[in-house]
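Remarks on the structure that follows.
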Amino acid sequence: MHLESRDLDQHIFSQMINLEELDLSQNALSELPDNLNLNNLRVFNFSDNHVEDITVLKQFPNLEEVMYEDNIYLTVSDNYKVFCLLPKLRRLNNKDITSLANHVRFVNHRELSSRVESYWENQYKNNLPEKPSIQKIKAVGKDFIKTVTDHVKYGPNSLKDFVRWKEFFTLAWTTLTMVGKNGQKRKINILAGGGKCGVVRVIHTKVNLCYGEIKAHKKAISIMAFSPKQETFLFTGSYDKRIILWDIGVPDCEYNFRASQLLTLDTTDVPLRICLVPSCPDEYLLAACEDGCFAWDIRLDKKQGRRSCEIEFNFPIYKEEGKEKDFHVIDSLTFLNKDIIASKSAMQGSIYLWSWEKSLKTQKSKSNKKLDAAILGQMKWSSTEIPYLVLNSSPGPQMAITVSSKQKG
C-alpha cells in the first residue's frame, strides 16, 4: 500500500482496543506513532519499511512477537532495546529469543543495581548521621530517588544513547573541486563508505567530517566504485541485487550537497566487484557477481533509466561444475590495462587473463547476450576453499596482480 507515517490515523487505531495482531509491513513508514493505545496487541509486523526508532514499542506492553526485518536503520543493537522494552517478548523476526532475552534482562538488572549502589555509596552514604531520624531518612531518600534517575542511565531509560551500528563492507575514494565563500576553488579528497545499513556515508577525511549520507539501498551495500571520468559519479552494488549510479554532487562551503539517482542496473544475484571499462568508462560497467560475470550499457544518453545486463561472459571452468562445485561465483575482477582483465571463480584454483575487446568481437548479434570470454592465459593459483579473494592490479609496463582475502558481508 506504500503507507507513510502521516497516513496512520491515531483516532481510528485508538478505537481498536481489542486488536491483537497488526501487520504494517511493506510500506514506507519512517516512524511509528507513540500513542496508538493498543494495549492488547500481541503480534506486530512492520518489516520492510524505513523505521529508524523502535523505542515507541514500549506503548505495547503485551507484545509477544515482533517482526521488523528490512528496515535499513534498525540493527543488532535494536534487538537488545526491544528485550528491555517488551517484558513479554518471545519471538523476534521469526526466531525464538526467550532464553537470550531473559539473559539480557538479568544482566541489565544486575548492572543497573550495581550502578545505583555505587551512586549511593559515592554521593549519599555519608550524608546520613550514625543515628538518623525518620524525617532525615525520608528527606535523603526522596532526594536520592530524584537525582539517581537523572544521573544513572541504563536500560530503557537510556536507549536514546544507543548508537546505530555503521558497519562498512566497502570504501571508495574520489577528489572533488570545492568552491569556497570567496569563490576560490580547491581540491578535497572524499571517502565514501557503505555497508550493512544500505547507507553511503560521505566523509571529508582531512577535517574528520562525515558531512552527509545517501540512503542508497534497502539492503546492505556489497561494493562501490567512483567513475574515473566523472568525479561525482558513484556506483553502489547491493544485496538487493541492484547496482545504482549516483551523482553525489559537490558540497558547498558549508558542506550542503544534493545527491541524485541517475541509473539502476538490475542484477540476478549479489554484485561482489565492479569495474568501469578503462577504454570506455562512460559506456560500460563490468561486474563480478555470485552467479557470473556481466556487463551493462551505462550511457546516459539513453532514455531507459533501469536496465538489464547487455552481456554475460562464459568461462571454461563452468564445464567442470557439479553438485558440490559452483564456479559461477566470480569473486575477483580487475583490469590490468585498457583491455586485459584478470578474474577468477571462487575455489577455481587459477586466475584467468582475458580480453575485453576480443570477447566483444565474438558477438554475432545484439540478441546474443552470452559470450565466451576470450582467454589469453591462465595463472595457477591455490585451490583454497576460501572464497571471496580480491584481485588488485598495478597498471604499467610491468603489470602486477595482488591477491587479498575478503570476508563476505
Side-chain angles (χ1 to χ4, degrees), residues 169-172 220-225 228 235 237-239 241 243 265 267-279 281 284-296 309-363 369-396 398-409:
F169 294 162
T170 181
L171 303 170
I221 297 172
S222 56
I223 192 67
M224 298 191 304
F235 290 87
S238 168
Y239 283 77
K241 300 177 184 178
I243 298 171
L265 310 175
T267 67
T268 51
D269 214 322
V270 180
L272 302 174
R273 189 79 166 169
I274 54 178
C275 298
L276 281 302
V277 178
S279 60
Y284 286 100
L285 177 136
L286 191 64
C289 301
E290 291 205 339
D291 63 345
C293 184
F294 305 88
W296 287 262
C309 74
E310 291 282 321
I311 303 167
E312 178 182 358
F313 294 98
N314 293 321
F315 297 95
I317 192 68
Y318 289 176
K319 297 177 182 178
E320 300 179 23
E321 287 184 338
K323 292 183 179 180
E324 297 181 358
K325 293 183 178 180
D326 179 8
F327 293 117
H328 274 69
V329 180
I330 311 296
D331 64 356
S332 300
L333 181 75
T334 188
F335 274 88
L336 302 183
N337 56 26
K338 289 188 176 182
D339 178 54
I340 300 176
I341 304 164
S343 69
K344 66 173 287 293
S345 297
M347 295 171 281
Q348 176 179 338
S350 62
I351 298 172
Y352 283 133
L353 299 180
W354 51 288
S355 167
W356 166 260
E357 293 182 2
K358 290 182 179 180
S359 300
L360 289 188
K361 287 179 181 179
T362 65
Q363 188 176 29
K369 293 193 173 185
K370 290 192 175 183
L371 304 180
D372 290 332
I375 305 298
L376 304 177
Q378 190 170 355
M379 297 187 296
K380 187 176 181 181
W381 176 247
S382 171
S383 57
T384 175
E385 293 185 358
I386 301 176
Y388 309 105
L389 295 175
V390 177
L391 296 178
N392 289 294
S393 61
S394 300
Q398 295 180 334
M399 295 180 293
I401 299 176
T402 59
V403 184
S404 60
S405 63
K406 175 185 178 183
Q407 296 293 327
K408 181 184 177 185

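Heads up: numbering here begins at 1 and tracks the sequence.
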Pick one: which of Asp291, Leu272, Val270 meets side chain to side chain contact (heavy atoms under 4.5 Å, CB included) with Val329?
-> Leu272
Mark yes or no for whether Thr334, through its side chain, and Ala342, through its backbone, hold a donor-acceptor pair below 3.5 Å.
-> no
Does Asp339 reach the main-chain N or O of Glu357 with its side chain, forming a donor-acceptor pair under 3.5 Å?
-> yes
Short question: side chain of Ser345, backbone of His328 - any donor-acceptor pair under 3.5 Å?
-> no
Specify the closest pair of heavy atoms between Ala374 and Lys358, including all atoms of both residues, with the distance to one decimal.
-> CB-CB, 3.7 Å
Short side-chain to backbone donor-acceptor contact, Tyr352 and Ile317, under 3.5 Å | yes
So Leu371 and Glu312, side-chain contact (heavy atoms from CB on, under 4.5 Å) or not? Walk me through it.
-> CA-CA 6 Å; Leu371 304 180; Glu312 178 182 358; over 6 Å; no
Check: Leu276 and Pro228 side chains under 4.5 Å, non-hydrogen atoms = yes
Mark yes or no for whether Ser238, through its side chain, and Ala220, through its backbone, hold a donor-acceptor pair below 3.5 Å.
-> yes
Note, Phe335 side chain near Val277 side chain (heavy atom, < 4.5 Å) | yes
To the nearest 0.5 Å, what is the distance between NZ (Lys370) and OG1 (Thr362)?
-> 14.0 Å
Do Arg273 and Asp331 meet the salt-bridge criterion of a basic N to acidic O distance under 4.0 Å?
-> no
Is there side-chain contact between Ile311 and Leu360, with at least one heavy-atom pair below 4.5 Å?
-> yes
Distance col, row Phe294:CZ vs Phe313:CZ, nearest 0.5 angstrom, shows 10.5 Å
Enter the distance from Ser279:OG to Asn337:CG here, rounded to the nearest 0.5 Å.
-> 9.5 Å
Leu285 and Ile274, any side-chain heavy atoms less than 4.5 Å apart = yes
Would you confirm whether Ser222, through its side chain, and Tyr239, through its main-chain N or O, come within 3.5 Å as a donor-acceptor pair?
-> no
Rounded distance (nearest 0.5 Å) linking atom CZ of Phe327 with atom CZ of Phe315 | 13.5 Å
Those residues that, when tested against Glu310, pass side chain to side chain contact (heavy atoms under 4.5 Å, CB included) (two or more places apart) | Asp297
With a 4.5 Å limit on heavy-atom distance, are the side chains of Ile330 and Lys344 in contact?
-> no
Identify the two heavy atoms, one from Ile341 and one from Trp356, that lie closest to each other, and give their separation to 0.1 Å.
-> CD1-CB, 3.9 Å
Heavy atoms from other residues, nucleotides or ligands near NZ of Lys369 exceed 12 (cutoff 6.0 Å) = yes
Report yes if the side chains of Gln378 and Gln348 come closer than 4.5 Å at any heavy-atom pair, otherwise no.
-> yes
Is the shortest heavy-atom distance from the side chain of Cys293 to the side chain of Leu286 under 4.5 Å?
-> yes
Could you give the distance from CG (Leu353) to CE (Met379), rounded to the nearest 0.5 Å?
-> 4.5 Å
